Amino acid sequence: MSHSHTHFTVQLSEQFIKDHLPFAPGEFLKVYIVVLDIAAYKKPLVSEIAAALGQREMDVISALEYWQEKGLLTIKNEKQMWVAVPEETVKPTHASGLYTDKSYNDTLQQMFGTHILKTSEYQMIYDWTDVLKLPKEVCMMVIEYAIQRKGRSVSISYMHAIAKTWAEKGIDSMEQAAAEIDRYERISSGANRVLGFIGGVGRLPSKPEMGLYQKWTEEWGFTLDAIMAAITDLTNTASPSFKYIDTILENLKNQGAVTARKITESQATASKVRSDAKALLGMIDAALTRPNLDKLEAFKAMGFKQDALMLAFAEAAKKPNVNLNYVESILKGWKKEGLTAKSKIAAHLISQSTLITNAYAFYKKAGITQKLSDAQLKQYLAWTDENGFEPDMMDAVAVYAGTAKNPYQYMVKLFSIMVEKNVKTLDAFNAQQTIFNTSNAGKDEYLKRTYSPEDFQADLDHIEIDGEDDA
């Protein structure tokens, strides 16, 4: 009694026919035959047995429990429920014409040495030719390559995985197989080199790691030398990984740096950028973070080079607790005035320094000796540049304003009147009898005149200014 299959003919022994066939329920017998049929190729899963017979799994399990009690099989309940059948129960025949190539069979056995091939192992090897359509010489290369990599104890399942991969890639000649072996060995060797460099000692690259290395070399165009150049400093990174390397290489690829030379150049540039950034940020005690680096790049995009930025950060450092936003405000002001080159900025700063020195000397004449505010400096600049007041006239006004309760506010109001009257020189100032009672005094006499507090207050009273002491 037999059940035919593409490769095997399932045979029931005389002992089975005598001891079990007459007494077993028909549905149970069907289950047992299907189990033997599937067992010739792989583990018979309960779900597959039920699907083959169109039965419920519970009914199949009942039949299997019956045969298990008879000692003919064993039910295994692992990730999936399956059935173990004694190997001698399934015997191959030559009805389909397979296994008749004695020379091929002998060659296969010789390749495995002292390991005697089992029926299931022969079956899997023949599947490579019959199912996967690989030529016999390619199948033998699969075996030879697997043994070379893993030794003679390598499993047939490992070989089957290689055969399946080759079949999926359309490898059907010894030349193609040899090329595939070379390619895989190159990937494996390179991935192992990278893994060892980042500290992955004692293990082989995982399948995902192999996949990444393959992408780097075959899709992105990196050589092993280029990859090693890219990860030279990676040992300083905590827990380096292939995924981290993938990010580094993707950035380099986007920059067009896929050769060792270009990567070295890119690293030198990046090193200088970080060094320059560290020098700048250190001037205001700012951290070397990615956002701050991006901010510096934005400053450079405004047209400022490193030497010009050094001047801006030096200016910012004069104030306590400043940040990059303050530096940005300085740069925007310079940009607005057309100052981006170091030489022009330096000249501007010198001019500003002279202005500040002159402003302090001017305000000192009025008795103002404390630190000047930005508003006071700007006001001084307006009087000298915008209004065009002559220095000797401004000095005279400052001296007179020194006795006022609020010298600065007094000068602001007085100069405002002088702007309205277009008084810019000392002579014009002296001629204004409505401001100061000096009609009969010449310039020299005016400058040399000594005022008592009462006289000075009388002169101030001629100026019709309300709210003199307002802040």
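No experiment lies behind these values; they were computed from the predicted model shown. Computation of the quantities below employed the complete heavy-atom set of this structure, encompassing side-chain atoms and omitting hydrogens, waters and symmetry-equivalent molecules. Starting from 1, each residue takes its place in the sequence as its number.
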Tell me which donor-acceptor pairs under 3.5 Å the side chains of residues 197-206 have, and how far apart each pair is, sequence neighbours excluded?
residue	atom	partner	partner atom	Å
Arg203	NH1	Glu209	OE1	3.1
Arg203	NH2	Glu209	OE2	2.9
Ser206	OG	Glu209	N	3.3
Ser206	OG	Glu209	OE1	3.3

Please tabulate, for the side chains in residues 279-291, all donor-acceptor contacts under 3.5 angstrom to protein atoms that are two or more places apart in sequence or on a different chain.
residue	atom	partner	partner atom	Å
Thr289	OG1	Asn292	N	3.3
Thr289	OG1	Asn292	ND2	3.4
Arg290	NE	Asp294	OD1	3.2
Arg290	NH2	Asp294	OD1	3.2

Which pairs would a plain distance check flag for residues 345-360, meaning a side-chain donor or acceptor within less than 3.5 Å of a matching protein atom at least two apart in sequence or in another chain?
residue	atom	partner	partner atom	Å
Thr354	OG1	Ile350	O	3.1
Thr357	OG1	Ser353	O	3.0
Asn358	ND2	Thr354	O	3.4
Tyr360	OH	Leu372	N	3.1

Donor-acceptor pairs under 3.5 Å, side chain of residues 325-338 to any protein atom, not counting sequence neighbours: which ones?
residue	atom	partner	partner atom	Å
Glu328	OE1	Lys295	NZ	3.2
Ser329	OG	Tyr326	O	2.5
Lys335	NZ	Met302	O	2.6

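Panel note: side chain Ser275, backbone Ser271; no donor-acceptor pair is recorded below 3.5 Å. Of the possible donor and acceptor atoms, one in the side chain of Gln109 sits under 3.5 Å from a partner among the backbone N and O of His115. In this structure, Arg274 contributes its side chain and Thr269 its backbone to no donor-acceptor pair below 3.5 Å. Distance alone, capped at 3.5 Å, is enough to place a donor-acceptor pair between the Thr107 side chain and the Ser103 backbone. Of the possible donor and acceptor atoms, none in the side chain of Ser266 sits under 3.5 Å from a partner among the backbone N and O of Lys262.
If you take CG on Leu134 and CD on Glu137, they are separated by 10.0 Å, rounding to the nearest 0.5 Å. Distance check: Met111 CE to Ile143 CD1 gives 5.0 Å after rounding to the nearest 0.5 Å. Remark: Leu132 CG to Ile171 CD1 distance equals 12.0 Å, nearest 0.5 Å. Atom CG in Leu311 sits 13.5 Å away from atom NZ in Lys305 (nearest 0.5 Å). The OG1 atom of Thr384 sits 8.5 Å away from atom CD of Glu386, with the distance rounded to the nearest 0.5 Å. To the nearest 0.5 Å, atom CD of residue Glu57 and atom CD of residue Glu48 are 10.5 Å apart.
Leu21 places a side-chain heavy atom less than 4.5 Å from the side chain of Leu29.
Under the side chain to side chain donor-acceptor pair (under 3.5 Å) criterion, Gln15 pairs with Asp19, not counting sequence neighbours. Not a single side chain to side chain donor-acceptor pair (under 3.5 Å) links His20 to another residue, sequence neighbours left out.
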Item to check | Pair Asp37-Tyr32, side-chain hydrogen bond (donor to acceptor under 3.5 Å, both in side chains): steps then yes or no | outcome: CA-CA 9 Å; Asp37 182 50; Tyr32 182 70; over 6 Å; no
Next on the checklist: Pair Met141, Met174 - check side-chain contact (heavy atoms from CB on, under 4.5 Å), show working.
Outcome noted: CA-CA 8 Å; Met141 289 187 71; Met174 295 178 67; 3.7 Å; yes
Checklist entry - Going through the distances and angles, do Phe415 and Trp383 end up as a ring pair (Phe, Tyr, Trp, His ring centres under 6.0 Å)? => result CA-CA 8 Å; Phe415 280 128; Trp383 291 336; 4.5 Å; yes
Next on the checklist: With side-chain contact (heavy atoms from CB on, under 4.5 Å) as the criterion, how do Leu252 and Ile248 come out once you've worked through the C-alpha distance, each side chain's angles and the decisive distance to 0.1 Å?
Outcome noted: CA-CA 6 Å; Leu252 289 170; Ile248 293 173; 4.1 Å; yes
Next on the checklist: Set out, in order, the CA-CA distance, both residues' side-chain angles and the distance that settles salt bridge (charged side-chain N to carboxylate O under 4.0 Å, His left out) for Asp182 and Arg186, then state yes or no.
Outcome noted: CA-CA 6 Å; Asp182 288 343; Arg186 184 173 62 254; over 6 Å; no
Checklist entry - Should Lys215 and Glu218 be marked as a salt bridge (charged side-chain N to carboxylate O under 4.0 Å, His left out) after you check the CA-CA gap, both sets of side-chain angles, and the distance that decides it? => result CA-CA 5 Å; Lys215 178 181 69 174; Glu218 296 185 356; over 6 Å; no
Checklist entry - Hey, mind stepping through Leu12 and Leu36 against side-chain contact (heavy atoms from CB on, under 4.5 Å) and telling me if it holds? => result CA-CA 9 Å; Leu12 302 178; Leu36 295 183; 3.8 Å; yes
Checklist entry - Does the ring pair (Phe, Tyr, Trp, His ring centres under 6.0 Å) test come out yes or no for Trp166 and Tyr184, once each step is laid out? => result CA-CA 11 Å; Trp166 288 10; Tyr184 185 85; 9.5 Å; no
Next on the checklist: Let's go through Tyr66 and Phe28 carefully: what are the C-alpha distance in whole Å and the side-chain angles of both, what is the deciding distance for ring pair (Phe, Tyr, Trp, His ring centres under 6.0 Å) to 0.1 Å, and is it a yes or a no?
Outcome noted: CA-CA 8 Å; Tyr66 171 85; Phe28 289 8; 5.2 Å; yes
Item to check | Test log, rule side-chain contact (heavy atoms from CB on, under 4.5 Å), inputs Val194 and Ile245 | outcome: CA-CA 10 Å; Val194 173; Ile245 295 173; 3.6 Å; yes
Next on the checklist: Is there a side-chain hydrogen bond (donor to acceptor under 3.5 Å, both in side chains) between Tyr363 and Gln379? Walk through the geometry before answering.
Outcome noted: CA-CA 11 Å; Tyr363 282 113; Gln379 184 63 74; over 6 Å; no
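For Glu78, the CD atom sits in a packed shell: over 12 heavy atoms of surrounding residues, nucleotides or ligands are nearer than 6.0 Å.
A pairwise comparison of heavy atoms in Ile181 and Tyr145 identifies CG2-CE1, 3.6 Å as the closest pair. Across all non-hydrogen atoms, the minimal contact from Tyr213 to Ile187 is CD2-O, 3.5 Å. Residues Leu249 and Ala230 approach most closely at CD2-CB, 3.7 Å, considering heavy atoms. The two residues Phe304 and Leu309 come nearest to each other via the heavy atoms CB-CD2, 3.7 Å. Contact detail for Pro44 and Ile38: the closest heavy-atom pair is CA-CG2, 3.6 Å. Of all non-hydrogen atoms in Trp67 and Ala24, the two that sit nearest each other are CH2-CB, 3.5 Å.
Asp246 and Lys243 are not joined by a salt bridge, as no carboxylate oxygen comes within less than 4.0 angstrom of a charged side-chain nitrogen. With respect to the salt-bridge test (charged N to carboxylate O, under 4.0 angstrom), the residues Asp106 and Lys102 qualify. Between Arg183 and Glu180, at least one side-chain nitrogen of the basic residue sits less than 4.0 Å from a carboxylate oxygen of the acidic one, meeting the salt-bridge criterion. A salt bridge is defined here as a Lys NZ or Arg NE, NH1 or NH2 lying under 4.0 Å from an Asp or Glu carboxylate O, and Glu121 with Lys118 fails to meet this definition.
In this structure, Lys136 satisfies the cation-pi test against Tyr104, with its NZ or CZ atom closer than 6.0 Å to the six-membered ring centre and inside 45 degrees of the ring normal.
A side-chain N or O of Gln123 and one of Asp127 form a donor-acceptor pair less than 3.5 Å apart. Counting only N and O atoms by type, the side chains of Glu27 and Gln55 include a donor and acceptor under 3.5 Å apart.
Taking the six-membered ring wherever Trp is involved, the centroid distance between the rings of Trp128 and Tyr122 does not fall below 6.0 Å.
Between Tyr380 and Phe362, the ring planes are tilted. Angles from 30° to 60° get that label.
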